[in-house]
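To start, the structure itself, in C-alpha cells.
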Amino acid sequence: MKRIALFLIVFLTLVSCNKSKEIKIKPEPIVFEFGYRLNDYIVLRDTIHDGDTFGSILSKQNIGDKQIYDIVEKVKDTFDVRIVRTEKPYTMLLSKDKSKKLQAFIYQPDRLSYYIIDFKDSIIARKKIKPVTIRRRTIAGELNGSLSETLEKQKVEGALATRISKIYAWSIDFFKLQKGDKFGITFTERFINDSIYDGVDSLEAAFFEYKGKMIYAFPFVQNQQSSKIEYFDEEGKALKNFFLKAPLKFVNITSRYAKNRFHPVQMIWKAHKGTDYAAPQGSPIMTTANGVVEQTGFTAGNGNFVKVKHDRTYSTQYLHMSRILVKRGQHVTQGQTIGKVGSTGLATGPHVCYRFWKNGVQVDALRLKLPNSSPMNPAYKSRFMVQMLPLKKELDSVASLKYKKTNQRK
C-alpha cells in the first residue's frame, strides 16, 4: 500500500507540473480594413515606385498581359490606371492557399479615398471614401516662442498659424508679439475613420493680445447667397484693412521715414521719405493694396521701382528692386507679388524702400491711420451678434480658466 500511495503522489505531482507549464495562446486579433477581414488573406503593402505601373504590379502576381488588358478595360470607368502616382500606397490581398492568388488590389491616391479592384468572383472596381469626423476644440494659452511652435505644443498643426496670420495680417504684426502674450482659438479638426488626424477644418473664433489690446476675429458670411467669408471683431468692425502693414511677409525695418537722415551712400544729411525693409535678395515684394500700376522704371537713386495708384487719395512706391514683375497700366491685387528685393540704385544692401502718398503728399505710412475695408452692412449686424456672442463667451471662459490655472502654478 505504501508503494501505491507513493506512486500516486509522484503521478499527481507530475500532472500538476505539466498543467502549470501549459502556455495559453491568445487568439489572433480580428483586423478589418477596406471592407475585408485581413486575417483571411496574405497582406502585401507597398508604395508605387518610379517606373511602376498598374500592369507591371499585376504581372508580378503571375497575371499575363492579355488578362491585364482585359482587367484595365473592365475597370476603366471607375479606376483609370493612369492616375497611379509614385509614393502612393497600395495593398494586395492574396489567398492563403498554395496558389496565393490575387484577391484584391487597393490603391490609395490620398488619405481620404481609395480604389478597390476585387478579383474574387468577377472583376469589380469600386471607389470608397473614408468617413470623416469633425471635432471641435477651444484652446487658450500664452505665447512661448513663435505662434506655430506654441500651437504645436498643444498638438495643433502648425498650418493653423499660417491661416491665422493671414486673417490678422492687416491688424497684427506677428513679429512684434511677445512671449507671454495671450491668445484663444476655437476651431474644428478632421479625423479619418474617427482616429487618423487630418488637420484643421475651420476657424470659428480667435483673439490675440497685441500691444495690450485684445483683438478678436469672427468669421461671418454677410450675403448668404455669395458664401464669402469675412472676419470681424466683437463690434462687427472689419479686420481687413485697406492696406497691408508692410510690402514683405517678414518685416525687418532698418530705416524709418525721417525729415533729416544721414544717407549711407551719398554721405550727406537729407530727408528720407520712406520706410526701408531689409530682406534677402530676391524676396517677393507685395503691393499693399489693390490698384493700377502707375509707373515702372529705373533711376540712378531709386533703382528699379514700381508705383501703384490705389484710388484718388492713396499711392505707394517700391524701390531698389532686383526685378520688376508688372507692367504700367496693369491691375494688381492686395498681396500680389510685383517685384523682387534687390539693391539697385543708391543702396548698400538688399532691401525695399516703401513710399506712401496721401493726396499727392508723401507721408509716413507707419504713422498713418489707414482706412478699413467696407464696413459690415447694418442689415446683417443683428445676425452677426447672435452668432458671435456665444462664441466669444466660450472663448473668454476657456481663456479665463486657463490663465487662472497658470497663475496658480506660478
When you compare the side chain of [Y] with that of [X], does any pair of heavy atoms fall below 4.5 Å?
| X | Y | value |
| --- | --- | --- |
| Met388 | Phe220 | no |
| Phe187 | Ile139 | yes |
| Phe119 | Ile71 | yes |
| Ser95 | Gln103 | yes |
| Val132 | Asp198 | no |
| Ile123 | Asp118 | no |
| Pro131 | Ile192 | no |
| Arg190 | Ile134 | yes |

Whether Phe105 and Phe79 hold their rings parallel, tilted or perpendicular, with breakpoints at 30° and 60°: tilted
Whether Phe384 and Phe218 hold their rings parallel, tilted or perpendicular, with breakpoints at 30° and 60°: perpendicular
Taking all non-hydrogen atoms of both residues, which atom of [X] and which atom of [Y] are closest, and how far apart?
| X | Y | result |
| --- | --- | --- |
| Ile48 | Ile57 | CD1-CD1, 3.5 Å |
| Ser56 | Ser59 | O-OG, 2.7 Å |
| Val31 | Asn39 | N-OD1, 2.8 Å |
| Thr288 | Tyr354 | OG1-OH, 2.8 Å |
| Val308 | Tyr318 | CG2-CE1, 4.0 Å |
| Pro109 | Tyr115 | CG-CE1, 3.9 Å |

Val43 vs Leu93, side-chain contact (heavy atoms from CB on, under 4.5 Å): CA-CA, chis, key distance, verdict: CA-CA 5 Å; Val43 181; Leu93 306 181; 3.9 Å; yes
Thr53 and Val81: CA distance, side-chain angles, deciding distance, side-chain contact (heavy atoms from CB on, under 4.5 Å) verdict: CA-CA 8 Å; Thr53 64; Val81 298; over 6 Å; no
Ring centers of Tyr216, Phe207 separated by less than 6.0 Å: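 When the ring centroids of Tyr216 and Phe207 are compared, they turn out to be within the sub-6.0 Å range.
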Residue list, salt bridge (Lys or Arg N to Asp or Glu O under 4.0 Å) with Glu235, at least two apart or on another chain: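 Salt bridge (Lys or Arg N to Asp or Glu O under 4.0 Å) list for Glu235, sorted by chain: Lys237.
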Electrostatic pair Asp70:Lys74 at N-O distance under 4.0 angstrom: no
Residues Arg136 and Glu394 bridged, charged N to O under 4.0 Å: yes
Ser99-Asp97 side chain donor-acceptor pair, cut-off 3.5 Å: yes
Side chains of Thr91 and Tyr114, donor plus acceptor under 3.5 Å: no
Worked verdict on His310 versus Thr287 for side-chain contact (heavy atoms from CB on, under 4.5 Å): CA-CA 10 Å; His310 303 289; Thr287 179; 3.8 Å; yes
Residue Lys153 excluded, over 12 heavy atoms near NZ under 6.0 Å: yes
side-chain contact (heavy atoms from CB on, under 4.5 Å) between Glu189 and Lys155, worked out: CA-CA 11 Å; Glu189 297 172 294; Lys155 297 182 179 180; over 6 Å; no
Candidate pair Arg45 and Glu33, rule salt bridge (charged side-chain N to carboxylate O under 4.0 Å, His left out), full reasoning: CA-CA 13 Å; Arg45 299 182 190 270; Glu33 192 176 2; 2.8 Å; yes
Criterion side chain to side chain donor-acceptor pair (under 3.5 Å) on Thr316 and Tyr314, from CA distance to verdict: CA-CA 7 Å; Thr316 56; Tyr314 300 103; over 6 Å; no
Identified side chain to side chain donor-acceptor pair (under 3.5 Å) partner of Arg135 from the options Thr188, Asp194, Asp201: Asp194
Spatial distance of atom CD (Glu230) from atom CE (Met376) [nearest 0.5 Å]: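 So the CD of Glu230 and the CE of Met376 are separated by 8.0 Å.
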